[in-house]
Number of protein chains: 2
Amino acid sequence: MPQQHDPAAPARLAVSTVIFALSPDEGAERPSLRLPLVRRLREPGLGRWALPGGWLPVDEALEGAAARTLAETTGLTPKYLEQLYTFGAVDRSPDERVVSVVYWALVHSDEVERAVSDENVQWFDEDELPELAFDHRAIIDYALGRLRTKLEYSRIAHAFLGETFTLAELRAVHEVVLRKRLDPANFRRTMEASGTLVDTGERLSGTRHRPPALYRFDTASAMAPAPDPIHL
Amino acid sequence: MPQQHDPAAPARLAVSTVIFALSPDEGAERPSLRLPLVRRLREPGLGRWALPGGWLPVDEALEGAAARTLAETTGLTPKYLEQLYTFGAVDRSPDERVVSVVYWALVHSDEVERAVSDENVQWFDEDELPELAFDHRAIIDYALGRLRTKLEYSRIAHAFLGETFTLAELRAVHEVVLRKRLDPANFRRTMEASGTLVDTGERLSGTRHRPPALYRFDTASAMAPAPDPIHL
DNA sequence: CCAAAAGTGTTACCATTACACCCATGA
DNA sequence: TCATGGGTGTAATGGTAACACTTTTGG
């Protein structure tokens with residue numbers, strides 16, 4: 001008898017994570033936004049792709065559970081991890097009431113190559129997602145929206161990059177995430193005005209044109225506004 | 001043995017709501033931001049004030065549970081209800097692991113007088129909060145931050161007001177929530193430019209000065225951007 | 001007529017945009 | 001020397017802020 005819940009049984013609590021990374025740009029291609037999914041090995045939704053996650057252990061913090069399942073499935077450590085939303089519609093999973101606290105994470109491109117990828121864990125392009133289990137497709141879409149919104153008023157783009165980076169690399173992150181071209185001149189000025197960039201004095205050579213300056217993320221100014229959720 | 005969790009017992013799921021309203025401005029005083037709290041009638045935290053809420057029934061939607069407990073404790077129907085954050089630190093409640101999905105709600109001033117208020121349910125001024133149970137003080141502070149942020153890029157101020165309102169009333173909402181004075185001339189233009197106001201053609205008489213125009217919230221334009229979380 | 005708030009006009013300022021142009025390097 | 005992005009200059013635009021001013025009511 002599906003959609004029927006045992007009134008004595010409480011809702012079960014799960015934690016899942018939407019993980020974003022940029023594909024390392026092999027060749028001259030534009031990098032794309034990618035995310036890892038795991039294949040479900042049991043019912044319900046057996047064989048379908050789903051977000052990494054699991055049941056919440058009684059003695060583990062929510063964010064801790066998100067970070068752990070992320071590490072277990074992908075082998076990665078996120079540079080950014082934040083709670084996204086809690087999904088709890090009564091019928092989102094058959095047979096059983098499941099409430100999922102969903103996090104979203106950013107990992108930087110260099111790490112993606114090191115990431116686990118086998119027949120049960122695969123990275124998918126943002127616009128080549130397979131059919132997903134439960135309501136996970138809606139969750140991903142919601143996370144994408146949040147990523148795009150937050151990129152414009154926050155510094156999260158840095159989480160996709162390494163220690164130092166050029167302005168073109170930073171701009172590429174914005175362009176891929178926002179899905180639109182940005183004026184290099186204006187982008188530069190906007191970033192410089194934000195006060196979050198530090199010129200390392202070094203330059204990146206090996207390009208076939210003028211060597212671009214390498215910047216670092218200003219960790220001091222990063223702490224200033226603290227617009228993020230508290231993590232209890 | 002406090003702070004010790006039974007590994008066999010799962011975390012329990014609660015839903016709570018931070019409810020905001022503006023005090024009806026009796027006399028010439030400036031209205032203030034108020035919220036109802038309930039007195040805890042059992043341990044833990046017996047006697048302390050806490051957010052309205054309760055355990056999540058297995059067959060009730062998260063938002064439904066928030067709306068229900070809100071109605072049960074205050075007798076009010078919210079004009080606005082949105083998920084705030086899920087709090088789940090391991091030690092936020094003694095003896096037992098509790099994860100709380102917290103919502104926040106706005107109700108309009110006219111209704112506050114109708115609201116329940118007895119020895120176990122009381123409205124408190126934003127800056128005269130009593131000592132609270134659990135981490136509820138931190139939750140309220142977080143909700144206040146969200147309210148202030150969202151007021152500036154959204155239309156939620158209308159949720160505090162009745163069907164029609166003057167620009168001065170709308171401005172008063174902003175001033176109380178944001179805790180700062182706003183230029184009446186510029187506020188008017190900003191609101192008119194937003195395209196969310198409809199002049200009803202009527203005017204409010206009975207004041208000791210020029211009668212102000214009455215406006216209505218444009219419900220059509222309200223639906224346009226849909227920046228809100230999906231409610232699964 | 002006066003007080004008080006409604007409502008209008010004007011100017012300055014600041015961030016964003018579009019786009020022209022020069023610079024430095026590898027090939 | 002040329003192609004290619006790096007990097008600078010500049011003028012137009014549009015929204016916000018400050019504040020002077022006019023209007024309309026009740027008392």
Side-chain angles (χ1 to χ4, degrees), chain A residues 25 27-31 148-149 151-155 157 161 164-216 221 225, chain B residues 25 27-31 148-149 151-155 157 161 164-216 221 225:
Chain A
D25 52 342
E29 322 155 22
R30 199 138 271 294
R148 297 202 163 100
T149 310
L151 188 74
E152 298 193 288
Y153 69 87
S154 182
R155 326 173 196 293
L161 299 167
T164 62
F165 49 86
T166 67
L167 269 169
E169 287 168 343
L170 182 58
R171 180 163 48 85
V173 172
H174 283 253
E175 289 184 333
V176 167
V177 171
L178 300 179
R179 293 175 156 282
K180 66 178 178 191
R181 300 220 151 257
L182 299 171
D183 184 302
N186 296 331
F187 182 81
R188 160 180 302 275
R189 273 183 294 252
T190 306
M191 284 299 138
E192 282 170 346
S194 75
T196 61
L197 295 183
V198 182
D199 191 333
T200 64
E202 323 233 329
R203 285 170 185 283
L204 180 67
S205 59
T207 59
R208 82 182 65 175
H209 51 77
R210 174 172 172 175
L214 281 169
Y215 293 87
R216 186 190 311 282
S221 74
Chain B
D25 50 342
E29 322 155 24
R30 199 139 271 292
R148 295 198 166 104
T149 310
L151 188 74
E152 298 192 284
Y153 68 89
S154 180
R155 325 174 196 291
L161 299 167
T164 62
F165 48 86
T166 67
L167 270 169
E169 286 168 342
L170 182 59
R171 180 164 48 87
V173 172
H174 283 252
E175 290 184 335
V176 168
V177 171
L178 300 179
R179 290 175 158 284
K180 67 178 177 191
R181 298 221 152 257
L182 299 171
D183 184 304
N186 295 332
F187 182 80
R188 161 181 300 275
R189 273 183 293 250
T190 306
M191 285 299 138
E192 281 170 347
S194 76
T196 61
L197 295 183
V198 182
D199 191 333
T200 63
E202 324 233 327
R203 285 170 184 281
L204 179 67
S205 58
T207 59
R208 78 184 67 175
H209 53 78
R210 177 173 172 175
L214 281 169
Y215 292 86
R216 187 188 312 280
S221 73

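Every chain is numbered from 1, with letters handed out A, B, ... down the list of sequences.
Of the side-chain N and O atoms in B/R171, one or more sit less than 4.0 angstrom from OP1 or OP2 of C/dA6.
For B/L167 against B/F187, the heavy-atom pair with the smallest separation is O-CE2, 3.9 Å. Of all non-hydrogen atoms in B/L204 and B/P211, the two that sit nearest each other are O-CB, 3.2 Å.
Rounded to whole Å, atom P of C/dT16 lies 10 Å from atom CG of A/N186. Taking atom CG of B/D199 as the reference point, atom P of C/dA6 lies 14 Å away to the nearest angstrom. Between the CG atom of A/L214 and the C1' atom of D/dG6 there is a distance of 13 Å, rounded to whole Å. Atom CE of B/M191 and atom P of C/dA6 are 15 Å apart (whole Å). When the C1' atom of C/dG7 is taken as reference, atom CG of B/D183 falls 12 Å away, rounded to whole Å. Taking atom CZ on B/F187 and atom P on D/dA18, their separation rounds to 15 Å, with Å as the unit. Residue B/H209 contributes atom NE2, which lies 16 Å from atom P of C/dA3 at whole-angstrom precision. Atom CD in A/E192 sits roughly 15 Å away from atom C1' in C/dT16 (whole-Å rounding).
Heavy atoms of A/T207 sit under 4.0 angstrom from primed sugar atoms or phosphate atoms, though from no base atom. Nucleic acid contact for B/S205: none, since no nucleic acid atom lies under 4.0 Å from a heavy atom of the residue.
Interface remark: the A/R189 side chain does form a donor-acceptor pair with the D/dT10 base, using a distance-only criterion of under 3.5 Å.
No more than 12 heavy atoms of other residues, nucleotides or ligands shown are found within 6.0 angstrom of CD on B/E202.
Of the candidate nucleotides D/dA18, D/dT8, C/dG26, C/dG26 has the atom nearest to the side chain of A/R208. Nearest nucleotide to the B/A185 side chain, out of C/dT25, D/dG7, D/dC19: D/dC19. Across D/dT8, C/dG7, C/dT25, the shortest atom-to-atom separation from the side chain of B/R210 is found for C/dG7. Distance from the side chain of B/R188 is smallest to C/dG7 among C/dA5, C/dG9, C/dG7.
In this structure a side-chain-to-backbone donor-acceptor pair under 3.5 Å is missing from B/T200 to B/R216.
Interatomic distance, CZ of A/R210 versus CZ of A/R203, reported as 6.5 Å (0.5 Å rounding).
Of the two residues near DNA chain C, B/A213 and A/G206, the one whose nearest nucleotide lies more 5' is B/A213.
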